[in-house]
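These notes concern the structure reproduced below.
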Amino acid sequence: MTLETVRLDIRGQICPSCLLLTLREVNRHAAAIRAGKVEVEVFTDDRQATATIPESVTRMGFRVEVGRDPERAGGYRIHIHAA
């Protein structure tokens with residue numbers, strides 16, 4: 001089984017837009033994420049999003065990892081996948 005990665009680039013957006021755009025994408029792929037078929041990678045430069053997105057997505061039952069964006073200084077990568 002191949003794992004599909006959905007990439008969401010929301011750099012330049014600020015919360016609550018970051019949270020709303022991410023939740024829309026997560027809800028769209030929720031069943032596939034839970035089945036382990038899809039993961040979502042969010043790229044943002046809004047520090048507040050590194051708190052609001054993981055908090056909301058964790059409550060939905062998904063695992064979340066936050067780190068620095070390896071390709072852009074000052075950016076963040078939020079990785080959302082099955083629990």
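Not one N or O on the side chain of Ser17 forms a donor-acceptor pair closer than 3.5 Å with the backbone of Gln13. Side chain of Asp45 to backbone of Gly12: a donor-acceptor contact under 3.5 angstrom is found. Under the 3.5 Å distance criterion, the side-chain polar atoms of Thr58 are left unmatched by any main-chain donor or acceptor of Glu55. No donor-acceptor pair closer than 3.5 Å links the side chain of Asn27 to the backbone N or O of His29.
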**OP:** Apply side chain to side chain contact (heavy atoms under 4.5 Å, CB included) to the pair Ile53 and Val64, showing each step before the final yes or no.
**Re:** CA-CA 9 Å; Ile53 291 171; Val64 182; 5.6 Å; no

**OP:** Run the numbers on Leu3 and Glu39 for side chain to side chain contact (heavy atoms under 4.5 Å, CB included), then give the verdict.
**Re:** CA-CA 7 Å; Leu3 181 65; Glu39 64 183 359; 3.5 Å; yes

Subject >> Stepwise salt bridge (Lys or Arg N to Asp or Glu O under 4.0 Å) test for Arg77 and Glu41 >> reply: CA-CA 7 Å; Arg77 176 183 165 269; Glu41 285 187 332; 2.8 Å; yes

Subject >> Derivation of the side chain to side chain contact (heavy atoms under 4.5 Å, CB included) call for His81 and Glu65 >> reply: CA-CA 9 Å; His81 52 97; Glu65 296 154 7; 3.1 Å; yes

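Between Leu19 and Ser56, the closest side-chain pair of non-hydrogen atoms falls below 4.5 Å. No side-chain heavy atom of Tyr76 sits less than 4.5 Å from a side-chain heavy atom of Asp69. Side-chain contact between Glu25 and Leu21 is absent, with no heavy atoms from C-beta onward closer than 4.5 Å.
Atom CG of Leu20 sits in a crowded spot, with more than 12 heavy atoms from other residues, nucleotides or ligands closer than 6.0 Å.
Between the CZ atom of Phe43 and the CZ atom of Arg72 there is a distance of 9.5 Å, given to the nearest 0.5 Å. Rounded to the nearest 0.5 angstrom, Ile14 CD1 and Asp46 CG are separated by 7.0 Å.
In terms of the salt bridge (Lys or Arg N to Asp or Glu O under 4.0 Å) criterion, Arg68 has no residue partners (sequence neighbours excluded).
What you find for Ile33 and Val26 is that their closest heavy atoms are CD1-O, 4.0 Å. In terms of heavy atoms, Pro54 sits closest to Ala49 at CD-O, 3.4 Å. Across all their heavy atoms, Cys18 and Cys15 have their closest contact at CB-SG, 3.8 Å.
Considering Leu8, Thr22, Val6 in turn, Thr22 is the only one that fulfils the side-chain contact (heavy atoms from CB on, under 4.5 Å) rule with Ile80.
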